Amino acid sequence: MNRSAEPRPAPGRMVRVGGLPLHVLSEGRGPVVVLSGGLGMAWFDWDAVAALLVPHRTVVRFDRPGLGLSAPAGGPPDLAGEADRIAGLLDALDYREPATVVGHSLAGFHAEAFARLHPNRCAGLVLVDGSVEEDPRPRLPRAVRTAWAGALARALSAAGMPRALGPATRRLIGRATTVGSHPPHPWEAAGYRTSRVVRACVLENATYPYQAADLAALRADRPLPAVPVAVLAAHDGGGGARDQRWLARQRALAELLGGRCTVAAPAGHLMMADAPETIARAVLDLAADPAAPER
């Protein structure tokens, strides 16, 4: 990375979790809330949500390996490893009380897995337009798909694609997944022009079906603790069949987890940009919810 291109100063700090340096930003006081973004997202995607929560909560944002400012991992991600990473992050910050975990998109898998694998560490779940796979069946062996993804990332990096197109691609994705107009973040170009971030994004995408399958198996083996669950579904105002199917799947996910489903409209998939108030209210309302039903 060209350090001269980075904004100054870098927010937050680096902490070691499982021997890997992770970029973490912890702000505020009170009960702990962990915010984890979807595929390829960084800590700054949560800026608007964090600003609303910091007066009431200790808000923890972090970059998964290779993303944002975090160091790359030696291998591809997996579901249990991402759940354990959240627990390890809380340990590294010396936060011992149960935490509410907010997972967006792919990170919804991680948040739910954290609750199932570390039930005593979880105070509640908020799934923000979370990924849903009712019957995941990966078609290729995991090693084959991840090897192909690693080769693709190396080829893209060798061709100079991250520096040439990385920030622009990130901006296009942002525009396609929001309904509002949001200015680029100062750290956006600094991170998304690096081979490190491109590799992390490619590997997260490649391992998605296996993480979905691992969560399906985990649901059958590890019960969800009796914590409040909020499922937030983004709706951009479209009335097509695809939009209605997505809302139905989100409602089914809420029912499966014994939670409540709230539709945020108008909002795109990057709901933290379009509807930060909806996410903040869902987090704050969890504490006011009655005890979750027995599972």
Side-chain angles (χ1 to χ4, degrees), residues 1 17-23 36-43 45 62-86 88 103-114 117 127-174 176-177 188 191-219 246 249 269-270:
M1 180 186 298
V17 177
L20 191 69
L22 295 184
H23 172 242
S36 185
L39 192 154
M41 299 290 102
W43 91 93
D45 291 298
F62 74 105
D63 295 321
R64 290 192 297 279
L67 300 174
L69 301 177
S70 289
D78 65 83
L79 184 73
E82 295 307 318
D84 292 345
R85 200 181 317 281
I86 297 172
H104 165 252
S105 194
L106 169 65
F109 288 169
H110 307 159
E112 184 183 338
F114 169 78
L117 292 172
L127 306 183
V128 180
D129 220 36
S131 296
V132 181
E133 297 294 339
E134 292 83 0
D135 187 24
R137 297 183 183 183
R139 297 180 180 180
L140 293 173
R142 188 182 309 230
V144 172
R145 188 174 172 96
T146 55
W148 174 84
L152 174 61
R154 289 191 294 273
L156 291 173
S157 298
M161 299 299 286
R163 178 169 293 276
L165 299 177
T169 300
R170 164 62 202 244
R171 289 300 301 152
L172 287 173
I173 293 172
T177 54
E188 197 170 278
Y192 286 84
R193 64 161 53 101
T194 67
S195 299
R196 168 179 55 81
V197 172
V198 168
R199 177 179 182 271
C201 292
V202 170
L203 286 174
E204 283 203 340
N205 182 67
T207 59
Y208 174 89
Y210 311 103
Q211 294 192 49
D214 289 345
L215 181 59
L218 195 61
R219 285 171 175 166
W246 180 247
R249 295 173 75 194
H269 183 56
L270 200 61

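Owing to the predicted nature of the structure, the values given are computational and were not obtained by experimental measurement.
Side chains of L203 and P77 form a contact here, defined as non-hydrogen atoms less than 4.5 Å apart. Proximity of R64 to E204: side-chain heavy atoms (C-beta onward) are separated by under 4.5 Å at one or more points. T146 places a side-chain heavy atom less than 4.5 Å from the side chain of T207. Looking at heavy atoms from C-beta onward, D129 lies out of side-chain contact with S105 at the 4.5 angstrom threshold. Proximity of E133 to P209: side-chain heavy atoms (C-beta onward) are nowhere separated by under 4.5 Å. Counting heavy atoms from C-beta outward, L67 and C201 have side chains that approach closer than 4.5 Å.
The CG atom of L106 sits 9.0 Å away from the CG atom of N205 when rounded to the nearest 0.5 Å. Taking CZ of F109 as the start and CG of L79 as the end, the distance is 8.5 Å to the nearest 0.5 Å.
R139 is linked by a side chain to side chain donor-acceptor pair (under 3.5 Å) to nothing, counting only residues two or more places apart in sequence or in another chain. A search for side chain to side chain donor-acceptor pair (under 3.5 Å) contacts involving R219 returns E112, not counting sequence neighbours.
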Stepwise, does the side chain to side chain contact (heavy atoms under 4.5 Å, CB included) test hold for R199 with R154? CA-CA 8 Å; R199 177 179 182 271; R154 289 191 294 273; over 6 Å; no

Would M41 and L270 satisfy side chain to side chain contact (heavy atoms under 4.5 Å, CB included), going step by step from the backbone distance to the final call? CA-CA 10 Å; M41 299 290 102; L270 200 61; 3.5 Å; yes

Using the side chain to side chain contact (heavy atoms under 4.5 Å, CB included) rule, take I86 and F62 through it: C-alpha gap first, then chi angles, then the decisive distance, then the call. CA-CA 9 Å; I86 297 172; F62 74 105; 4.3 Å; yes

Side chain to side chain contact (heavy atoms under 4.5 Å, CB included) assessment of L20 paired with V17: CA-CA 5 Å; L20 191 69; V17 177; 5.9 Å; no

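Taking 4.0 Å as the cut-off between side-chain N and carboxylate O, R85 and D78 do not count as a salt-bridged pair.
Note: H23 and W43 have perpendicular aromatic rings, judged against thresholds of 30 and 60 degrees for the angle between ring planes.
Pairing each heavy atom of P167 with each of E188, the nearest pair is O-OE2, 4.4 Å. Looking at every heavy atom in both residues, L156 comes nearest to P162 through O-CD, 3.3 Å.
H104 and S36 share no side-chain donor-acceptor pair at under 3.5 Å.
The one candidate from P136, P76, P138, P141 that meets the side chain to side chain contact (heavy atoms under 4.5 Å, CB included) condition with Y210 is P138.
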